[in-house]
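Report on the following structure.
All chains are named by letter (A, B, ...) in the order of the sequence lines, taking the proteins before the strands, and each is independently numbered beginning at 1.
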Amino acid sequence: MLNYFIRMEENLVIVESPAKAKTIKKFLGDSFIVKSSFGHVRDLAKKDLGVDVDKNYSPNYIISPDKKKIVAELKKLASKSKLVWLASDEDREGEAISWHLKEVLGLKDDKIKRIVFHEITKEAIQKAVENPRNIDKNLVNAQQARRVLDRLVGFNLSPLLWRKIKPSLSAGRVQSVTVRLIVEREREIIKFKSVSKYKVIANFIANGKVFKAELNYKFDTGKEAYQFLELCKNAEFLVEDVQKKPSKKSPAPPFITSTLQQEASRKLKFSVSQTMRVAQTLYEHGYITYMRTDSVNLSNLALSTAKKSITEEFGEKYHKSRNYKTRSKGAQEAHEAIRPTFINNKTIEGTRQEQKLYELIWKRTVASQMADAELEKTIISVKTNNSKYKFIANGEIIKFDGFLKLYIESQDDENIEEINDMLPDVKAGQALSAKKIEAVEKYSTHPPRYTEASLVKKLEELGIGRPSTYAPTISTVQQRGYVSKEDRNGNKREVEVYTLENNEIKKRLKSENYGAEYGKLFPTSIGMVVNDYLIDNFDNIMNYNFTARIEKEFDEIALGNTEWTKMIDDFYKPFISQIEDSLKNTTAKKYERLLGNNPENGKPVVVKVGRYGPYVQIGENEEEPKFASLLKEQNIETITLDEAIALFRLPRNLGQFENEEVIVAIGKFGPYIRHNKKFYSIKKPDDPYTIEYDRAIEIINKSRENEKLFPREFKDAPNLKVLKGRYGPYISYNNKNYKIPRKIDPATISLEECWDIIKKIDNKNNK
DNA sequence: CAGTGAGCGAGCTTCCGCTTGACTT
């Protein structure tokens, strides 16, 4: 068929991912060996800057330590092959991977062929093999510029922070702007003042049907709302206008990395990293296409199988072929959208999580090829004879469900308007009677804090970061202590409700929860300090458009219009003088805030940020000021005087037990009792501020008894033991270990439960 | 990992993007 198929093993094909290698092997026959490089094989040396800024930014590349083995293997195979096909992805990073491979394997130009394909089908691969090209050095240079710039920024800014703020901190083009987003959102929330307004909803009756309509005005006070209801007592309600409008909804495009992360978060409550882990498994099993992509493109094969699948299951009317266009900034489109490899497989074998994520991908992919939903929207406006305000009723009915049969995209927005499904058939001029009219006090809500997934959405909109880095970036900013993912208990408040019913107005108070947060990203005190320092001194790099701007310059390099070293030089010269200037002339603002005076002794209470993080100090310029660290969930910008003083109520010394002191305090992992160098955690409903001596001893004794239980043995199973180890409780059986799930208490676990766990884990491993 | 907050200074930390293991509990 092809000239290259001459002798066994004359061709070596190198791709980036081993799963891809496996698939391609099937399409290519015996004369091709297909191997993977596992991504980049070389990177800038890490021990210093890795770039010689005095020698025209010459990069010092070394083979990454974890790639030494694979490089040696590839070298050996390459030397035995006649041709080496470099088949890494068709984008900036992929081109660079091919070039680095050519360099480290010492390959001459006439021994390599550069090929690319966007989908893994026999046709696409054959076409690629028939159309080889050379390595695009301009594109490689664009990658070198990207790499070198990130290194110059990161390895100059970070040491500056070590000097000015605290060791081991970090800064970079992506992470620092990520932290900025979270800090600025938090400050908006701190500034936000919630106000309440009165929203009026009427339940009208027409043609024997009840429907809801909202007043087109919200009252500022309960008094005004009350006065309006008074007017409604004897009012006539007339239909002023009825509008009917056809409308339609279209399905969302197939998944890319960021949208998969968002939907898995909203629909399945997966964290961003969890989504990627599960998707990786699906990919490795061949169930889905590659999961790190920014392309919404579907292969022709996928389009035709989706069509077949939809027509067979729902009928021809439900199918509509669609090609989506990628709209995100800086997309490089080396892959397809994330879709099932075989669209006729509705379900797969695997863990519950794998099945759920697969089902989500399947539905989204198929729905994207389905017909629009056809709706009819109705708006009825109702006027009264003694007020200028009007009631508006919104109705929406589905005339044809189309893609909605399969998939509805979730929204982040929590304030969804009330919409009637079917409205009664009323005519202009028709009189209505009001069954009930209610004015409810509604508080405005602050801008929402970011979740991991909504942060990814924002980063993608700004063109910052890549599909392969969203999850790692989120974990980096948390590891550095700039951001933490937390839950917050809400508070209760009472809202006023005025109800007009049977010509009588009643007032009542309704209690509601507000301010509860789940899995939201909060900036830490140190995150805020570092952010402010960077914005003060490096506003260019901290600008949300910085990445977009340099991306344009990388594009010029890729087109061959700019020398990459020239672009870097233009950036570096002013940047390094900013760095030198900051080293000499700046100090990070010492954060200090006076909260007030301690009511007990009148001494000033101040929040500060020190070497070990944020703390409160009582008494200044004294021989012995008192210190206390802020709790994990407290922030220097929001802590109050009362909260600060409460910190000094701990540690508490409850007295002596067995000749050792019993101390209660709050540590890194929450409240604890310390006794004789051992720690016992205090769990709710016990409270470290109020717990008494007797109860503390009880906790110590209970924990001791609990310890005595281990190792637990069962007389019916001599080679089975329940143990507690470094990573938590586990079962040891026939020299194999099995983790005990968190929801099962190892102190009371039964033998049957042990067998269950063993069976489940063994089954999973055998698959 | 459990209690620090002065200052000195050895030696360490750090970036973004491409990809999976090896961890075993």
Side-chain angles (χ1 to χ4, degrees), chain A residues 15-21 36-44 46-51 64 66-67 69-70 88-89 91-97 100 143 146-163 166-176 277 280 283-284 290 292 332 334 464-470 472-473 476 480 547 608-617 625-629 650-651 663 665-674 677-679 681 722-733 736-741 757 761 765:
Chain A
V15 294
E16 290 181 35
S17 136
K20 199 169 174 179
S36 107
S37 72
F38 295 82
H40 275 295
V41 293
R42 276 206 309 192
D43 192 14
L44 296 173
K46 235 171 155 161
K47 58 179 197 301
D48 49 21
L49 198 55
V51 179
S64 313
D66 58 328
K67 299 293 165 57
K69 221 175 124 191
I70 186 72
S88 48
D89 297 343
D91 59 13
R92 202 163 63 200
E93 296 296 329
E95 203 67 18
I97 288 173
H100 280 301
Q143 192 274 347
R146 198 280 303 156
R147 181 66 192 93
V148 166
L149 183 134
D150 281 336
R151 170 58 66 86
L152 293 173
V153 169
F155 275 36
N156 278 300
L157 281 183
S158 303
L160 180 65
L161 297 180
W162 307 340
R163 291 275 299 271
K166 159 177 156 170
S168 302
L169 294 175
S170 66
R173 173 177 57 84
V174 172
Q175 59 168 276
S176 297
R277 222 173 18 247
Q280 176 85 30
Y283 169 67
E284 283 169 7
Y290 197 58
R292 290 186 275 264
Q332 307 209 0
I464 297 169
R466 306 277 314 127
S468 67
T469 60
Y470 296 136
T473 299
T476 299
R480 298 277 171 275
T547 293
K608 296 186 179 185
V609 179
R611 279 195 295 151
Y612 306 103
Y615 63 96
V616 185
Q617 181 179 335
K626 292 207 290 179
F627 301 102
S629 289
L650 292 177
I663 309 286
I666 295 178
K668 233 179 182 171
F669 308 113
Y672 65 91
I673 301 163
R674 194 180 65 210
K677 290 176 198 137
K678 285 190 92 171
F679 294 87
S681 57
V722 176
L723 296 149
K724 270 187 169 176
R726 259 200 309 157
Y727 307 98
Y730 67 100
I731 302 163
S732 163
Y733 174 62
K736 271 181 79 182
N737 297 329
Y738 303 84
K739 186 180 181 164
I740 297 174
I757 291 169
I761 292 175
N765 290 342

Identify which nucleotide among B:dC16, B:dC18, B:dT19 has an atom closest to any side-chain atom of A:R292, counting heavy atoms from C-beta outward. B:dT19
Does A:Y283 reach a base, just sugar-phosphate, or nothing at all? Heavy atoms under 4.0 Å. sugar-phosphate
What contact category does A:A171 fall into here, base, sugar-phosphate, or nothing, at under 4.0 angstrom with non-hydrogen atoms? sugar-phosphate
Any base atoms under 4.0 Å from A:L169, or only sugar-phosphate, or nothing? Heavy atoms, all strands. sugar-phosphate
Using a cut-off of 4.0 Å on non-hydrogen atoms, how would the nucleic acid contact of A:R466 be classed: base, sugar-phosphate, or nothing? sugar-phosphate
Between B:dC15, B:dT13, B:dG17, spot the one nearest the side chain of A:T476, thanks. B:dC15
Distances under 3.5 Å between protein N/O atoms and the N/O atoms of nucleotides 4-8 of chain B, please, pair by pair.
from: B:dT4; atom 1: O4; to: A:S629; atom 2: OG; distance (Å): 2.8
from: B:dG5; atom 1: N2; to: A:Y612; atom 2: N; distance (Å): 3.4
from: B:dG5; atom 1: N2; to: A:G613; atom 2: O; distance (Å): 3.1

Could you work out which one of B:dG17, B:dT13, B:dT14 sits closest to the side chain of A:S170? B:dT14
Which part of the nucleic acid, if any, lies within reach of A:P472 when heavy atoms closer than 4.0 Å are counted: base, sugar-phosphate only, or nothing? nothing
So the stems of DNA chain B, runs of at least three Watson-Crick or G-U pairs (under 3.5 Å), are none
OP1 or OP2 of B:dC15 sitting under 4.0 Å from any side-chain N/O of A:S158? no
Looking at B:dT14, B:dC18, B:dT13, which one has an atom nearest to any side-chain atom of A:P167? B:dT13
Taking only N and O in the side chain of A:R146, is any of them less than 4.0 Å away from OP1 or OP2 of B:dC15? no
Just N and O in the side chain of A:R277: are any of them under 4.0 Å from OP1 or OP2 of B:dG21? no
Is it the case that the base of B:dT13 and the side chain of A:S168 share a donor-acceptor contact (distance under 3.5 Å, atom types as modelled)? yes
Once you apply a heavy-atom cut-off of 4.0 Å, does A:G465 come out as touching a base, just sugar-phosphate, or nothing? sugar-phosphate
If the threshold is 4.0 Å, N to carboxylate O, is there a salt bridge linking A:D89 and A:K20? yes
Does B:dT19 have its OP1 or OP2 closer than 4.0 Å to a side-chain nitrogen or oxygen of A:S37? no
Of A:Q175 and A:S468, the one whose closest nucleotide on DNA chain B sits nearer the 5' end is A:Q175
So which atom in A:R173 and which in A:L149 form the shortest heavy-atom distance, rounded to 0.1 Å? CD-CD2, 4.3 Å
Would you kindly compare A:K20 and A:K46 by the position of their nearest DNA chain B nucleotide and give the one closer to the 5′ end? A:K46
Is there a donor and acceptor pair, one atom on the side chain of A:R147 and one on the base of B:dC15, closer than 3.5 Å? yes
For the side chain of A:D91, counting heavy atoms from C-beta on, which of B:dT13, B:dC18, B:dC16 is nearest? B:dC18
Quick one: which of B:dT13, B:dG21, B:dG17 gets closest to the side chain of A:F38? B:dG21
